[in-house]
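Heads up: the structure comes next, in structure tokens.
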Amino acid sequence: MIGSAWPYINYMPHLGTIIGSVLSADVAARYLRMKGEDVVLVSGSDEHGTPIELEAVRQGIPPKKLTDENHRKVKKLFERWALSFDNYTRTESPVHIRFVQDFFRKIYSNGYIFTEEVVFPHCPRCRRFLPDRFIQGKCPRCGFEAARGDQCDACGWPLDPSKLVEPVCALCGETPSPKTTKHWYFDLPRFTHQLESYVKENPRLPENARNFSLNLIREGLKPRPITRDTEWGIPAPFPGAEGKTIYVWMEAVLGYVSATLEHFQRLGQEDRWRDFWLDPEARTVYFIGKDNIPFHTIILPALLLASGEGYNLPWTVNSTEFLMFEGQKFSKSRRIGIWIDEALRMFPADYWRYTLISIRPEVKDTSFSWSTFLEKVNSDLNDTFGNLVHRTLTFIGRHFEGKIPTPEALDIYDGEMLKVAKEAQKEFERNLEQFKLQAAVLTVMDLARKANKYVNDKEPWRTVKTEPSKAAATLYVAAKIVKTLGILLQPFIPSTADVLLEKFGVKPGESRKLWDELRKELASGQKLGKPKVLFKKTSLEEVEKKLKELEQAGKKEERISAEELSRLNLRVGRIVDVQPVAGSRKLLRLKIDLGEEGVKAAAAGLGECYQPEELRDRLVAVVANIQPVKILGVHSEVMVLAADDGTGKFALLTPDRAVKSGSKIR
RNA sequence: AGCGGGGUGGGGUAGCCAGGUUUAACCCGCGGGGCUCAUAACCCCGAGAUCCGUGGUUCAAAUCCACGCCCCGCUACCA
């Protein structure tokens with residue numbers, strides 16, 4: 001079983017999301033299939049949880065409608081990215097829901113779940129309980145005002161909601177009142193020793209995953225509440241838990257099992273999933289980003305143990321660091337990054353797959369940049385690999401009637417070259433067995449370079465006139481290596497590899513056991529397909545042009561109607577008070593006079609651009625009817641508008657003559 | 001502030017866990033040359049690194065340890 005972290009589909013995944021998870025998992029799965037392993041590759045959309053619920057509320061649609069749409073889009077895009085899932089499902093799948101409920105009933109009857117009556121802060125206005133981040137207040141230890149329900153950001157002290165001084169609802173600012181509720185807890189500490197030895201004794205866990213997990217265990221595991229007082233999610237199956245749902249993280253990780261189950265059910269092989277989960281010989285491999293480590297090395301193993309069913313614990317958890325975009329964090333709101341739909345509108349999936357694997361953040365955060373993309377596509381794929389293929393095939397086409405030449409005798413260099421290819425193959429295997437995808441891809445490119453050198457040194461264009469048998473041997477060897485490269489690259493750039501391998505008579509879809517093709521002698525006399533250029537170079541200019549096109553297309557889609565515009569209540573306000581916010585360089589706490597609308601609070605990230613005294617008494621444009629939020633604990637009822645030219649220096653919008661506070665902006 | 005990761009030629013990275021197999025490797029870029037089968041591509045030669053700093057362990061340190069400096073991420077509903 002190969003699993004990849006389940007993308008959270010409140011929006012579209014971006015390049016960073018997929019490199020650590022689905023793309024890496026796909027490469028591994030393709031490689032293992034090629035070697036004849038019995039592989040099932042599963043993942044799915046993670047669609048429960050409050051972020052999606054809130055997003056749906058904001059859009060005024062049911063959560064299910066939102067996730068139906070997003071799941072459909074993402075699933076289709078994954079196909080276009082050539083991700084070869086056996087089952088890409090979703091957490092709303094009936095099979096998953098039933099599996100999760102049965103699973104938790106089982107754990108419950110095994111005695112690993114207890115309930116606790118807790119007095120929890122409850123917001124009368126929002127009519128909801130306020131766990132973790134839904135509540136803020138003053139830290140009892142350091143006095144920091146914007147401490148959250150689970151931790152104080154200023155001093156790092158762990159908290160619980162009842163300890164906060166002067167607590168308020170993080171959503172609306174209302175003072176919560178205590179209300180009794182009951183929650184179901186998973187007794188995680190009881191697995192401390194088992195988990196510790198599991199983590200310690202699993203030599204395949206990468207260092208980042210091991211260190212992080214051991215730290216958590218050393219700090220002491222705490223019981224985890226598995227129920228939530230929300231509506232969107234899987235109904236908790238415990239007696240008396242009506243109206244509660246299972247915490248999203250507790251159920252999503254079980255998707256690996258349920259997705260396998262669902263896959264084989266569809267095939268009509270009801271019991272086959274057991275081969276992957278209950279047979280101790282079967283291995284389960286996970287590909288995730290580093291943020292997901294505890295859920296895969298602690299929570300998931302503990303849940304599997306608690307079931308008492310003898311499920312295989314993760315054989316290895318391959319976690320990557322983060323991918324940045326031009327040195328910055330991917331950011332939807334700031335439009336930094338490339339999303340998986342946009343990527344495919346610009347370049348073929350194989351270009352992206354190759355580039356992303358080449359810069360896969362295996363030991364540290366790495367950064368995607370367009371110059372890297374150009375380097376990988378132009379220099380590696382096109383010049384080194386593509387050109388080797390093309391020069392070999394065209395030469396055979398011109399001088400050997402397009403048939404693989406028959407070598408009469410191989411000289412020492414020919415033999416050496418074939419040996420080098422064999423060694424590269426072995427190194428490639430060594431890398432991939434450890435899921436060092438980046439190194440594997442480098443090995444392949446290195447072989448292509450050596451082959452280019454070999455052809456140069458051998459000068460078949462000269463020997464074909466003087467000693468044709470020598471040229472035949474050279475091209476035989478070159479063809480052998482080209483085919484080898486095609487096979488080795490198949491997991492990385494499947495579409496291109498298929499096109500290439502087809503010329504050698506290997507049909508697409510025969511990828512299972514493709515590895516055997518490496519051992520076979522190259523069939524002399526076999527007619528090769530007509531050479532066709534595999535890649536096209538690109539340039540910074542072309543990238544910029546395509547980005548502009550994307551932006552244009554985006555604008556067209558986003559054009560809004562006059563009615564929609566009129567929903568904004570835009571006003572001119574006078575800043576009457578400015579206070580810095582403890583613990584933030586950027587954030588300022590403003591009070592803005594909106595005339596008859598009253599004086600409103602605003603939090604604005606202007607601290608790096610303006611001194612407080614510059615702001616006082618200024619007239620500014622604000623959105624007066626935006627959903628109130630808390631930013632770093634600062635209540636914000638209106639949004640101050642400013643121009644952002646990308647330099648990081650914002651410019652406030654100010655009317656060009658003095659107008660009354662509260663004037664409407666039309 | 002806490003937690004986590006990192007600092008290697010002009011740019012991007014590997015090596016570090018398991019110290020010696022490296023005169024510190026690879027790609028891009030740069031300077032020179034070769035070749036002409038090939039997608040102005042390929043091949044060769046060259047310049048370019050106090051492996052963040054200081055101290056320690058060791059016969060031996062980019063690699064292990066300690067301290068310091070500097071970056072980045074997470075801790076905010078963007079992984």
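Below, read A as the first sequence line, B as the second, and so on, with proteins coming before strands; counting in each chain starts at 1. Every heavy atom of this structure was used, including side-chain atoms; hydrogens, water molecules and symmetry mates were not.
Each of B:rG11, B:rC37, B:rG7 was ranked by its minimum atom distance to the side chain of A:Arg398; first place goes to B:rC37. For A:Asn387, the listed nucleotide lying nearest its side chain is B:rU39; candidates were B:rA79, B:rU39, B:rC43. Here B:rC35 is the nucleotide among B:rC35, B:rC42, B:rU13 with the atom lying nearest to any side-chain atom of A:Trp461. For A:Arg391, the listed nucleotide lying nearest its side chain is B:rC37; candidates were B:rC37, B:rC27, B:rC43. For A:Thr366, the side-chain atoms get nearest to B:rU13 when compared with the rest of B:rG73, B:rU13, B:rC42. Among the nucleotides B:rC37, B:rC43, B:rA79, the one closest to the side chain of A:Asn10 is B:rA79. For A:Asp365, the side-chain atoms get nearest to B:rG73 when compared with the rest of B:rG73, B:rG34, B:rU39. In the set B:rC37, B:rG5, B:rC74, the nucleotide with an atom closest to the side chain of A:Glu321 is B:rG5. Of the candidates B:rU39, B:rC43, B:rU13, the closest approach to any side-chain atom of A:Asn382 belongs to B:rU39. Checked against B:rA79, B:rC43, B:rU39, the side chain of A:Thr17 finds its nearest nucleotide in B:rA79.
Taking 4.0 angstrom as the limit, A:Ser379 places none of its side-chain polar atoms (N or O) nearer than this to OP1 or OP2 of B:rC27. Residue A:Lys329 places at least one side-chain N or O closer than 4.0 Å to OP1 or OP2 of B:rC74. Regarding contacts with the backbone of B:rC28, every side-chain N or O of A:Lys376 stays at 4.0 angstrom or more from both OP1 and OP2.
Nucleotides B:rC67 and B:rC27 have their P atoms positioned 39 Å apart, rounded to a whole Å. Nucleotides B:rU50 and B:rG9 have their P atoms positioned 7 Å apart, rounded to a whole Å. One P atom belongs to B:rC26, the other to B:rG6, and the distance between them is 24 Å to the nearest Å. Comparing the P positions of B:rA60 and B:rU21 gives a spacing of 15 Å, expressed to the nearest Å. Taking the C1' atoms as reference points, B:rC35 lies 31 Å from B:rU22, given to the whole Å. When the P atom is compared between B:rC69 and B:rC45, the two are found 45 Å apart, to the nearest whole Å. With both ends at atom P, the span from B:rU57 to B:rC65 equals 15 Å, rounded to whole Å. Distance noted for atom P between B:rU8 and B:rU13: 9 Å (whole Å).
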Starting from the C-alpha separation in whole Å, work towards a yes-or-no answer on side-chain contact (heavy atoms from CB on, under 4.5 Å) for A:Thr474 and A:Tyr413. CA-CA 9 Å; A:Thr474 305; A:Tyr413 195 175; over 6 Å; no

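A:His399 comes within 4.0 angstrom of nothing in the nucleic acid, heavy atoms only. Within the nucleic acid shown, A:Thr392 has no heavy atom closer than 4.0 Å to any nucleic acid atom. Residue A:Met324 is classed as a sugar-phosphate contact, given heavy-atom separations below 4.0 Å to backbone atoms only. Within the nucleic acid shown, A:Asn452 comes within 4.0 Å of sugar-phosphate atoms alone, with no base atom in reach, counting heavy atoms only. A:Tyr11 comes within contact range of no nucleotide atom at all, as no heavy-atom separation falls under 4.0 Å. Within 4.0 Å of A:Phe330, counting heavy atoms only, lies at least one base atom of the nucleic acid. Using a 4.0 Å heavy-atom criterion, one finds that A:Ile359 contacts no nucleic acid atom at all.
If you measure from atom CG of A:Asp380 to atom C1' of B:rG12, you get 12 Å, rounded to the nearest angstrom. Here B:rC78 presents its C1' atom at 13 Å from CD of A:Gln328, a figure rounded to the nearest Å. Rounded to whole Å, the distance from CG on A:Asp446 to P on B:rA14 is 16 Å. Atom CD in A:Glu375 sits about 11 Å away from atom C1' in B:rC26, given to the nearest Å. A:Ile293 has its CD1 atom 15 Å from the C1' atom of B:rU75, to the nearest Å. In this structure, A:Met445 atom CE and B:rC26 atom P are separated by 17 Å, rounded to whole Å. Straight-line distance from the CG atom of A:Asn456 to the C1' atom of B:rG34: 9 Å, rounded to whole Å. At whole-Å resolution of the value, CD in A:Glu362 and P in B:rG6 are 14 Å apart.
If you check the side chains of A:Ser319 and A:Tyr286, you find no donor sitting under 3.5 Å from an acceptor. A:Ser369 and A:Ser371 form a side-chain donor-acceptor contact under 3.5 Å, judged by distance and modelled atom types alone. No hydrogens or angles considered: a donor-acceptor pair under 3.5 Å links the side chains of A:Arg391 and A:Asn456. Counting only N and O atoms by type, the side chains of A:Thr443 and A:Asn431 include a donor and acceptor under 3.5 Å apart.
Relative to the six-membered ring of A:Tyr351, A:Lys376 misses at least one condition, a distance below 6.0 Å or an angle of at most 45° to the axis.
Of the two residues contacting RNA chain B, namely A:Asn292 and A:Lys465, the nearest-nucleotide position lying further toward the 5' end is that of A:Lys465. Mapped onto RNA chain B by nearest heavy atom, A:Val533 and A:Gln438 fall at different nucleotides, with A:Gln438 at the one closer to the 5' end.
With a cut-off of 3.5 Å on both Watson-Crick or G-U wobble distances, the partner of B:rG4 is given as B:rC72. Checking B:rC67 for Watson-Crick or G-U wobble geometry (two distances, each under 3.5 Å) identifies B:rG53 as its partner. Applying the Watson-Crick and G-U wobble criteria (two distances, each under 3.5 Å), B:rG20 pairs with B:rC59. Summarising the base pairing, B:rC42 is matched to B:rG34 through a Watson-Crick or G-U wobble pair whose two defining distances lie under 3.5 Å.
Between A:Lys458 and A:Asp411 there is a salt bridge, since at least one side-chain N of the basic residue sits less than 4.0 Å from a carboxylate O of the acidic one.
Taking the six-membered ring for Trp and the full ring otherwise, A:His390 and A:Phe535 have centroids separated by 6.0 Å or more. For A:Phe373 and A:Trp370, the gap between ring centers is short of 6.0 Å.
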